[in-house]
Amino acid sequence: MDEKALEVILVHEDGVVDHGTPLLVVGVFEGDGGSSELKGVAHTVDEALGGQLSAVVRRGDFSGREGQALLLYPRSGELSADRVMVIGLGDPARADAERYRRAAGSSVKQAVRLGAEQLTVSFPFPENGRVGPEVIIRSIAEGLILGAYVFDELKSEPAGDAKPKRVSLAEVLVEGSVPEEMEAGIRLGQVMANAENLAKRLGNLPGNIATPTCLAETARGISKKYGMKVEILGRKELEREKMGALLAVSQGSEEEPFLIVLEHRKGPSGGRPLVLVGKGLTFDSGGISIKTAAGMEEMKFDMSGGAAVLAVMAALGELELPIDVIGIVPTSENLISGRAMKPGDILRSHLGKTIEVVNTDAEGRLILADGLSWARRYDPAAIVDIATLTGAAVIALGEHASAALGNDDSLIDEIRAAGERVHERVWPLPMFDEYRDQIRSDYADIKNSGGRPAGTITGAWFLREFVGETPWVHLDVAGTAYGDGKLPYRSKGSTGVPTRLLIEWIRSRVD
Ligand code: BES
Ligand code: MN
Ligand code: ZN
């Protein structure tokens, strides 16, 4: 998708000994080489190295436990690889897609550390019935490309040789011939990971660069590249369409707000589209209900939902999936000025419902309200909105799951299953009717905050008011959209979540 992206290709195993590469990464399951023999490529490599690897395993210094890594240097003539990195894949009985994603992420990070511009990975496949070759290959491609991502475009390049190298090519070595399904796995993994990296980039770009205008330009670029219809409503059009909630949030900012709409129309005619709505709040100061200074810089990530929607649309363009999907991104800043909206203000939303603003920091639901009611015109089969909506979601689930709420349990189940498959997990919270009472207003149809208790749930109840009867799921990604980058295929900052989940879900909806 961009010229700096890591390229991943499949190669045959025959002749691993003669395969020239700056770094050969060989995966070993826990137990292999100890009680049982080393297998496959690990065995071949061990023999070429004169039994070095099996000696280390026998001594008990390498067991194949997940996360273990051992660097070996072949002597001249033993092996064409400059270096061999053996990495632990853990218990083969429990190996799943995520295991391969992580192993691939570690591999590429080792390549960066060693200054290798290329690497070759070879991982054994488990026979545990949990995961097949196509998904394994796809997960390896994802892990490699996600792990290779760095956000350094705003750092000046260090002079001369100190210039950090980028890994540009990864070979995935497989036994025997390369079946078509493996090529398909590589391709899908590439598209999904490149899309997620696009979402990460948009998330990581600071508020002075990733402005609403920048998101609109990004959407235009996607439209042009893939021949998608794009519609961008600016201030004038938003006024004409009476998008009072989105306009109110933008009132305190000099940046023009937009409602961005991208249409991927490749489904059978007459079908109802899926609609994605992403929060594109490019910087959230809280407005007059201002946030505290500590950590406020993180609010540049408040457009992560919108970034994921744009990235998914790009992936759909790449994959040419035969389905209709509309991506909607309401985008604005939430700042302070003499014109900013104030607590107590009552807005008229695009749908016509009036909203009492009791907290200007509950702005995400305001811009989404207008985005969601705009979605109605597409007569959607389902709507999924994605937003860094509440700090309460971080408290409830931390960084390991996004909160999922909605009006349709089977749609929540679909999303949950898709998230499980790509390890972008979601977990449901209840939408009992009683929670709705917290956003009752004395002066308007509804108020924009239900206070601290069950903040994620009352946020979802607010959105539900604008959705109608369409099956709908709200994903609160406040805890998952950015982080400290502990997973091997992540880095500090934006995670791009839930880009892969959404692509996976849409794929499951094809046919
Ligand atoms: N963008 C924030 C939510 C957020 C918090 C995202 C922490 C990521 C990390 C959102 O606009 C917000 O400020 N929500 C308020 C809502 C409250 C005023 C009802 C919150 O969660 O405190
Ligand atoms: Mn806010
Ligand atoms: Zn916000």
Side-chain angles (χ1 to χ4, degrees), residues 203-204 207 210 212 215 245-246 248-253 255 257 277-308 329-336 340-345 355-371 385-403 405 429 435-436 438-441 446-463 474-484 493-495 497-498:
N204 284 330
L215 294 190
L246 172 54
V249 172
S250 73
Q251 250 168 240
S253 161
E255 290 286 340
V277 183
K279 173 177 175 182
L281 208 294
T282 60
F283 185 76
D284 182 12
S285 72
I288 301 290
S289 315
I290 193 167
K291 291 182 181 295
T292 48
M296 202 201 273
E297 70 280 4
E298 291 182 1
M299 287 302 118
K300 72 172 184 176
F301 297 117
D302 213 16
M303 33 57 73
S304 297
V329 180
T331 177
S332 172
E333 291 184 321
N334 185 24
L335 294 185
I336 309 177
M341 66 173 174
K342 303 169 291 296
D345 285 2
I355 304 164
E356 181 192 3
V357 177
V358 295
N359 190 322
T360 65
D361 199 10
E363 84 299 334
R365 61 199 71 184
L366 297 175
I367 71 171
L368 286 169
D370 284 352
D385 81 72
I386 310 96
T388 45
L389 204 74
T390 65
V394 190
I395 302 302
L397 297 169
E399 63 178 327
H400 301 296
S402 307
L405 305 97
L429 290 177
Y435 290 112
R436 165 75 178 75
Q438 284 174 240
I439 53 170
R440 248 202 226 137
S441 167
I446 188 176
K447 63 183 182 183
N448 78 328
S449 168
R452 282 165 63 86
T456 304
I457 299 173
T458 55
W461 258 112
F462 182 94
L463 299 176
H474 159 62
L475 294 176
D476 193 330
V477 295
T480 52
Y482 60 94
D484 50 16
S494 179
T495 61
V497 169

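Note that ligands are numbered from 1 as they come in the structure, with each ligand's atoms numbered from 1 the same way.
- The shortest N/O to N/O separation between Ser449 and ligand 1 does not fall below 3.5 Å.
- Not counting sequence neighbours, the partners of Glu399 by the salt bridge (Lys or Arg N to Asp or Glu O under 4.0 Å) test are Lys486.
- Residue contacts with ligand 1 include Met299, since one of its heavy atoms falls under 4.0 Å from the ligand.
- Under a 4.0 angstrom heavy-atom cut-off, Phe301 registers as lying outside contact with ligand 1.
- Only the backbone of Leu389 comes within 4.0 Å of ligand 1, judged by heavy-atom distances.
- The shortest N or O to N or O distance between Thr390 and ligand 1 is not below 3.5 Å.
- Any protein N/O/S atom under 2.8 Å from the Zn ion (ligand 3) was counted, giving 4 altogether.
- Around the Mn ion (ligand 2), the protein contributes the following N, O or S atoms at distances under 2.8 Å: Asp284 OD2, Asp361 O, Asp361 OD1, Glu363 OE1.
- Heavy atoms of Met303 stay at 4.0 angstrom or farther from ligand 1.
- Every residue was checked against the salt bridge (Lys or Arg N to Asp or Glu O under 4.0 Å) condition with Arg452, not counting sequence neighbours, and none meets it.
- Atoms of ligand 1 found under 4.0 Å from any heavy atom of Lys279, numbered from 1 in the order shown, are 1 (N), 10 (C), 11 (O).
- Taking distance alone, with nitrogen or oxygen atoms compared against 3.5 Å, Asn359 stays at or beyond that limit from ligand 1.
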